[in-house]
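Counting starts at 1 for both ligands and their atoms, following the listed order.
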Amino acid sequence: MNILTFNSEDKLNEAGAGLLASIVQKKPDAVLGLATGGTPVGIYEQLVKKYNDGFVSFKGASSFNLDEYVGIAPTHEQSYRYYMQQHLFNHIDIKPERTHVPNGMAEDLQAECLRYDEAIAEAGQLDIQLLGIGHNGHIGFNEPAEELSSGTHIVELAEKTRQANARYFATEEEVPRQAITMGIGSIMKAKMLLLVVKGEDKAEIVQRALQGPITTDCPASLLQTHPNLVVLLDEAAGSKLQ
Ligand code: PGA
């Protein structure tokens, strides 16, 4: 595990974007596992800048996002498909048909999970998977539980997750109760994992995830077993590491 701590958000974002860009520079048909949420916004901003400056092209790359809310259309401002279009895809040359986000509006959600896993398998191994972490240790929407699923599946969102995400909706009631998420197995199969965490409110879970026992009660603790985990933290998020 390689933990890097930054004293400025700009430097952290630059490091994250630099790592993603370098993978695509070396392997133009790279398969990128992407994430949503507040944390990666600045990384995507820097990545778009690198594209605009001519340092990297995504025309041969493909992407798979971690998750999507159930029951929210891609045109809904809080859907993760919408987020990805706004923050990244609309501004770079990635082929739209090579960007994958689970379809939360699928009539048959189980079939959608299978379809998503097949698409990942067909693309081959993810070259990198970008990850944030929830306050409860979730990665993607793999919430703490007695058992974790390997493949893409439907999850009931934890109350803590719904409360954290309520900031994006008019009321907490509007936050979806279910999501489709890539499973822990698919995440762990990526060649490299890039976990990015910002803020004091995440310091405790960062400590538990990276230095605590490996337990399904804190899904991010499984990342400790990955052979190629890079962690980017701001000083606040890293403040409880021993
Ligand atoms: P955040 O979400 O980046 O909005 O904090 C991270 C997560 O819940 O995985």
Side-chain angles (χ1 to χ4, degrees), residues 6 9 12-13 15-17 20 32-47 64-70 72 76-84 86-88 101-102 104 126 128-145 148-149 152-153 155-169 172 174-184 186-188 190 193-210 216-223 226 229-240:
F6 296 85
E9 182 152 358
L12 189 163
N13 292 334
L20 285 162
L32 306 173
L34 299 176
T36 53
T39 309
V41 170
I43 292 180
Y44 292 144
E45 239 172 66
Q46 288 301 316
L47 207 51
F64 286 88
N65 264 80
L66 283 170
D67 45 20
E68 179 60 286
Y69 289 122
V70 165
I72 282 201
H76 188 293
E77 281 187 21
Q78 294 313 328
S79 78
Y80 289 168
R81 164 55 78 176
Y82 189 90
Y83 169 112
M84 289 309 301
Q86 294 302 311
H87 290 290
L88 187 65
V101 180
L126 300 172
I128 185 166
Q129 176 64 59
L130 177 60
L131 296 166
I133 187 173
H135 293 96
N136 60 0
H138 75 202
I139 44 173
F141 273 136
N142 293 279
E143 303 283 20
L148 297 174
S149 304
T152 303
H153 59 286
V155 282
E156 303 294 323
L157 296 179
E159 264 327 292
K160 213 168 176 175
T161 301
R162 293 188 63 244
Q163 282 160 12
N165 291 4
R167 66 192 195 275
Y168 299 116
F169 292 82
E172 197 176 317
E174 283 178 34
V175 183
R177 292 180 184 275
Q178 288 186 316
I180 304 189
T181 185
M182 216 187 258
I184 292 288
S186 312
I187 294 171
M188 293 296 286
L193 298 180
L194 176 59
L195 173 66
V196 183
V197 197
K198 299 174 184 174
E200 175 56 302
D201 54 318
K202 299 266 177 84
E204 196 180 324
I205 196 64
V206 164
Q207 198 279 328
R208 269 182 67 202
L210 302 182
T216 59
D217 216 27
C218 175
S221 66
L222 273 85
L223 303 180
H226 195 280
L229 169 64
V230 176
V231 186
L232 306 184
L233 304 174
D234 65 11
E235 284 179 342
S239 61
K240 296 211 163 122

### Task
Identify, chain by chain and in numerical order, each protein residue with a heavy atom under 4.0 Å from an atom of ligand 1.
Gly37, Gly38, Thr39, Gly132, Ile133, Gly134, His138, Arg167, Lys202
### Task
Kindly indicate whether the side chain of Thr161, heavy atoms from C-beta on, has any atom under 4.5 Å from the side chain of His135.
no
### Query
Under a 4.5 Å cut-off applied to non-hydrogen side-chain atoms, are Gln163 and Val175 in contact?
no
### Query
Got a donor-acceptor contact below 3.5 angstrom from the His226 side chain to the Ala190 backbone?
yes
### Message
Please verify the inter-ring angle class for Tyr80 with Phe141; under 30° counts as parallel, over 60° as perpendicular, anything in between as tilted.
### Response
parallel
### Task
Applying side-chain contact (heavy atoms from CB on, under 4.5 Å), run through Ser79 and Glu68 and close with a yes or a no.
CA-CA 7 Å; Ser79 78; Glu68 179 60 286; 3.7 Å; yes
#### Entry: Residue from Gln178, Arg162, Arg177 passing side chain to side chain donor-acceptor pair (under 3.5 Å) with Glu156
Gln178
